[in-house]
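See below for the structure under consideration.
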2 protein chains.
Amino acid sequence: MTTLVEVAQAAGVTAATVSNVLRNRGKVGEETRRRVLAAVEALGYRPNLMARALVEGKPHTMALVVSSIANPFYPEFALEVERAARKLGYFLLVCNTNDDPAQERAYLDAVGGALAQGVIVMNADFVQLDALQDLRRRGVPVVLCMWERPQEPPPLPCVAVDLYQAGVLAAEHLLRLGHRRLGAVSGSEPSGNHKWRLQGFIDTLHKADVDLPQTHIRFGHDTIDEGRNAAHSLLAGVPGLTAVFATNDLPALGVLQAAAELGMEVPRDLSVIGVTDIQLAHQMRPALSTVAMPTAEAASLAVQLLQSEIKAEPDRPLPMLVTEPPKLVVRGSTGKPRADR
Amino acid sequence: MTTLVEVAQAAGVTAATVSNVLRNRGKVGEETRRRVLAAVEALGYRPNLMARALVEGKPHTMALVVSSIANPFYPEFALEVERAARKLGYFLLVCNTNDDPAQERAYLDAVGGALAQGVIVMNADFVQLDALQDLRRRGVPVVLCMWERPQEPPPLPCVAVDLYQAGVLAAEHLLRLGHRRLGAVSGSEPSGNHKWRLQGFIDTLHKADVDLPQTHIRFGHDTIDEGRNAAHSLLAGVPGLTAVFATNDLPALGVLQAAAELGMEVPRDLSVIGVTDIQLAHQMRPALSTVAMPTAEAASLAVQLLQSEIKAEPDRPLPMLVTEPPKLVVRGSTGKPRADR
DNA sequence: TTGAAAGCGCTACCAC
DNA sequence: GTGGTAGCGCTTTCAA
């Protein structure tokens, strides 16, 4: 590996000068600069980022902790985070925990060990808020992203999206279409993150004097397969449903499949709506109606917030950035119920 | 941030001893060790990875360069690479280039600057083999992964999968079912990476005296949407097709959708087969028949190969690791053609 | 068994 | 403008 000193020797100057040239820190003669640049080129020199990070006291890296990169939402989100981070001059280290607490700890320790200057953690059912608080107390900038209920903030700096509102929008849409017999499929456990979305849905139905009994709800995980299974159970257990709200797009796609398997036509026999608007939502046929999260905005806010945490005084009050509200996106999977229902 | 020296002071020893305790480099008294560990715990000390990397001459990091993390294959693959890398004690830095050469260069420069010890680059139409060779000449360990034609190796260390064979398997499967009027949708340009798969398909048909004229082939990119469009064009332009081979799963899913939109039932009216076996392939309905790539194996071989490149002599001959051949996976999207066709 | 000291490659500060 | 030099936090000889 070529080092600064070698370049300096080749150019007949000293390391300090080479460094000045490379960082554009004024004070460099035009001819010297030329010679240095030539030497850099000739030797194929690349500055050692580790050394630079060490002396500057910071690696130019942010970390993003996600639970499962296999869930398509995360790559899509990571893409946006990376874009935002790069704009600010950071590399992004994607840390995939596979829902394994040990692995999450390992990554957080690494970040604590200056692997990155700070970390964005995606809010998920299993995140250990106290571990994150510990990390923050030790001085590591931490941002929790995609907190779902701005009204009840977590004990960490966070980016929040009002997803109670997502449930409201979904319910209003289905009610407006005339649905009165509804079911729901949750992509998390009853006490999990999706509870707000579900509550928004239920509350809105109630206001319209439509009931959503427990028997019309299924809980599971955030996958197509579990959505399909839940839908089979729901459609078999509760005849006459005309619409299903899934708390996420992946289970919503599963519901779509279950409907197809049962010979139901969507949206004629069953309307289906999800939440998030992942790419698959519009790529499927029928395309999925959904409540879109402001993904790119959340990603960019998270990066901004992390940067401000990196620069912030240690004991300022907990900041929370709230995104635009989610938005209804109507596609082919929702429609009026059949007149005979 | 707590440093080694602070821990040492707290424990009443010197930095060297703390280091010895932490690295388990023998020669430490039982009681000293205890005191040191206590101090580490009390101060919440985490070793600075940058400093360690600097003195050891290597960060414990590998980089993976992918063109588009939005393509679901890459996250699935990255997951396996990370798993394999972690087993060997490396962190994985996922570098997403978005098919942007400038961004790719930036990442490769960073790796050249010791951001990572070496880099695995996913083979894609746009990878710049010469840029990678330059990097390698500069002493950076580079592995090209998913080279599609072991018989014609690239000028870099690589992990190859025989995907000509994938075309062969797909063709044999369709022929065996009785298809004689076939079409193909390629997820890359005619001269792109998928040419081998397509060639395997064509050659195999020829051997069975079945022709695949140029008019039965559409070229595009590796997405659902382009697959759908290509299929619409194909099915409109060539009536009577009974089966379509897509060189990748994503376009294959697009073909499935186009068929549905045209009111064709799969596999009764049209058989569809893809290549790769991404997760979506079995999650869709009908589930997609496909030729599965040995993804996990390729990932693990890539990591192994990179590690051996990291340790290798500079001028040894170019290594190539070849995976198991791809395997046919029959699901619901292929079947016999209708008797009247 | 423990300590002292020399760097790893770089930046930043202060002389010249 | 340019050079010398002191560290950043750590590991690793080599002495004690």
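Because the structure is predicted, anything quoted here is derived from the model rather than measured. To find a chain, count down the sequence lines: A is the first, B the second, and so on, and within it residues start at 1.
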For B:Glu31, look at atom CD and say whether over 12 heavy atoms of other residues, nucleotides or ligands are found less than 6.0 Å away.
no
Does atom CZ of B:Arg105 have more than 12 heavy-atom neighbours from other groups under 6.0 Å away?
no
Picking from C:dG9, D:dC10, C:dT1, the nucleotide nearest the side-chain atoms of B:Leu4 would be D:dC10
Of the listed nucleotides D:dT11, D:dG3, C:dG9, the one nearest the side chain of B:Ser19
D:dT11
Step-by-step side chain to side chain contact (heavy atoms under 4.5 Å, CB included) determination, B:Leu135 to B:Val119:
CA-CA 10 Å; B:Leu135 194 65; B:Val119 58; 4.1 Å; yes
Integer-rounded Å distance: [N] [atom2] and [X] [atom1]:
| X | N | atom1 | atom2 | result |
| --- | --- | --- | --- | --- |
| A:Leu115 | D:dC10 | CG | P | 14 Å |
| B:Arg35 | C:dT1 | CZ | C1' | 12 Å |
| B:Leu22 | D:dT11 | CG | C1' | 12 Å |
| A:Asn24 | C:dT11 | CG | C1' | 15 Å |
| A:Glu30 | D:dG1 | CD | C1' | 12 Å |
| A:Asn20 | D:dG1 | CG | C1' | 9 Å |

Expected output is a numbered-order residue list: members of residues 38-61 of chain B with a heavy atom under 4.0 Å from any atom of DNA chain C. What is it?
B:Leu54, B:Val55
Donor + acceptor pair across side chains of A:Arg33, A:Asn24 (<3.5 Å)
yes
Just wondering, do [Y] and [X] contact through their side chains at under 4.5 Å, heavy atoms?
| X | Y | answer |
| --- | --- | --- |
| B:Tyr74 | B:Leu64 | no |
| B:Glu309 | B:Pro319 | yes |
| B:Leu144 | B:Leu129 | yes |

Heavy atoms only: give me the nearest A:Ser300-A:Ala84 pair and the separation to one decimal.
CA-CB, 4.0 Å
Does [X] make a side-chain N or O approach to OP1 or OP2 of [N] shorter than 4.0 Å?
| X | N | answer |
| --- | --- | --- |
| A:Thr32 | D:dT2 | yes |
| B:Arg25 | D:dT12 | yes |
| B:Thr17 | C:dG3 | yes |

For the helix from C:dT1-D:dA16 to C:dC16-D:dG1, measure the angle between the helix axis at one end and the axis at the other, each built from five pairs, rounding to 10°.
40°
Most 5' of B:Arg33 and A:Ala15 on DNA chain C, judged by nearest nucleotide
B:Arg33
Quick check for you: to the nearest 0.5 Å, what is the distance between B:Thr61 atom OG1 and B:Leu115 atom CG?
7.5 Å
